[in-house]
Structure formats: structure tokens, C-alpha cells
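The next block holds one structure in the form of C-alpha cells; read it before the comments.
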Amino acid sequence: QVDLVESGGGSVQSGGSLRLSCATPRYTYSTSCMGWFRQAPGEEREGVATIDTDGSTTYADSVKGRFTISRDNAKNTVNLEMNSLKPEDAAMYYCASRLPLSCPTEAHRRLSWHEFSQWGQGTQVTVSS
């Protein structure tokens, strides 16, 4: 059973924007740390951004200033706004939850995919130069 459903991926040119959305069950959304991760072919899955139940956020250095993670309380969704996209941002993007836990205290753990237990099926992002 897949509880997290991503949408919003697609193909854009370098410098373009995309908005990813992750639909979650209400319980998952309200009680757990949520994150976006990505994986390019032949590479390890890496953390992009996480958001805790109190709204605090953590970003990978590679996306700081370009990506924004947010929660939509009315829709129980977690969104990732991606601007100024680069070819190196191209990957499969996954939504994840740390149900039933909040985000780790240590910054380096907040972006570790090992800390997250629930995963969506992913949405593809392609960026052409």
C-alpha cells in the first residue's frame, strides 16, 4: 500500500521551475517529519529538503536559495517549489515520511534517507541544458 503520492514532475529547460506535491494521509501529515529526496541513475539517493511538524526546514547545500519545501495544512500535502533548475537537478524525486517521528535533532541526519520509513513511488524531473 502506497500512502504517499507524488505529482508535478516533468521536463523543463535549465533555469525553469517546477512544483512537486506529495499527498499524504492526514495522520502521516500531522505527526511526522516529511522530506523530499532524489536519485539520479547510478547515484545514491540524496536528501533535498525536509520539514518538521513545527515548520522548521532543512535543505541540501546544492538547493539552498532555489528550492522551498512547505506544508499545506488544508490539503495534507507537502510541496517542493523548485526554481532556477539546473541539469544536475534531474532525477527521480521521492516524497518520504518519518512516521511516527519528528525530524532528527542533528542536522546531518535530517537529510539522510535512512531515517525515513515511508516512501512514495517517485516523480521524474528532467532538466535540459
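Keep in mind it's a predicted model, so treat the numbers as computed, not measured.
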Practice prompt. Under the side-chain contact (heavy atoms from CB on, under 4.5 Å) rule, collect the residues that match up with Gln39, sequence neighbours excluded.
Written response: Arg45, Tyr94
Worksheet item: Does any N or O in the side chain of Ser32 come within less than 3.5 Å of the main-chain N or O of Leu101, such that one atom is a donor and the other an acceptor?
Response: no
Practice prompt. Please list all pairs passing the side chain to side chain donor-acceptor pair (under 3.5 Å) test where one or both residues lie in residues 11-20, with sequence neighbours left out.
Written response: Ser17-Asn83, Arg19-Glu81
Item to complete: Enter the distance from Ser21:OG to Lys75:NZ here, rounded to the nearest 0.5 Å.
Response: 7.5 Å
Worksheet item: Got a donor-acceptor contact below 3.5 angstrom from the Thr24 side chain to the Asn76 backbone?
Response: yes
Response to the item:
residues 32-55 vs ring pair (Phe, Tyr, Trp, His ring centres under 6.0 Å), sequence neighbours excluded, gives Phe37-Phe116, Phe37-Trp119
Worksheet entry | Pair Glu115 + Arg110, salt bridge at N-O below 4.0 Å | no
Discussion item. Applying side-chain contact (heavy atoms from CB on, under 4.5 Å) to Arg71 and Met34, what does each step give before you reach the verdict?
Written reply: CA-CA 9 Å; Arg71 290 178 177 263; Met34 301 292 299; 3.7 Å; yes
Discussion item. Using every non-hydrogen atom in the two residues, find where Pro104 and Arg109 come nearest and quote the distance to one decimal.
Written reply: CB-CB, 3.7 Å
Discussion item. Walk me through whether Asp72 and Ser70 qualify under side-chain contact (heavy atoms from CB on, under 4.5 Å).
Written reply: CA-CA 7 Å; Asp72 185 329; Ser70 63; over 6 Å; no
Fill in: Those residues that, when tested against Thr57, pass side-chain contact (heavy atoms from CB on, under 4.5 Å) (two or more places apart)
Ile51, Tyr59, Ile69
Item to complete: Inspect the contact between Asp89 and Lys86 and indicate whether a charged nitrogen and a carboxylate oxygen are less than 4.0 angstrom apart.
Response: no
Worksheet item: So if you build clusters from Ile, Leu, Val, Met, Phe, Trp, Tyr with side-chain heavy-atom gaps below 4.5 Å, do Val48 and Val12 land together?
Response: yes
Item to complete: Is it possible for you to say whether Leu111 and Leu99 belong to one hydrophobic cluster, with membership spreading through side-chain heavy-atom contacts below 4.5 Å?
Response: no
Worksheet item: Under a 4.5 Å cut-off applied to non-hydrogen side-chain atoms, are Leu4 and Ser97 in contact?
Response: yes
Worksheet item: Between atom CE of Met92 and atom OG1 of Thr123, what is the distance when rounded to the nearest 0.5 Å?
Response: 7.5 Å
Worksheet item: Between Arg38 and Ala91, which heavy-atom pair has the shortest distance, and what is it?
Response: CB-CB, 3.8 Å
Worksheet item: Got a second to check how far Glu106's CD is from Ser112's OG, nearest 0.5 Å?
Response: 11.0 Å
Practice prompt. Report the residues that fulfil side-chain contact (heavy atoms from CB on, under 4.5 Å) with Val125, sequence neighbours left out, ordered by chain and then residue number.
Written response: Leu18, Leu20, Met82, Tyr93, Val127
Discussion item. Which residues pass the side-chain contact (heavy atoms from CB on, under 4.5 Å) test with Ser56, not counting sequence neighbours?
Written reply: Asp52, Asp54
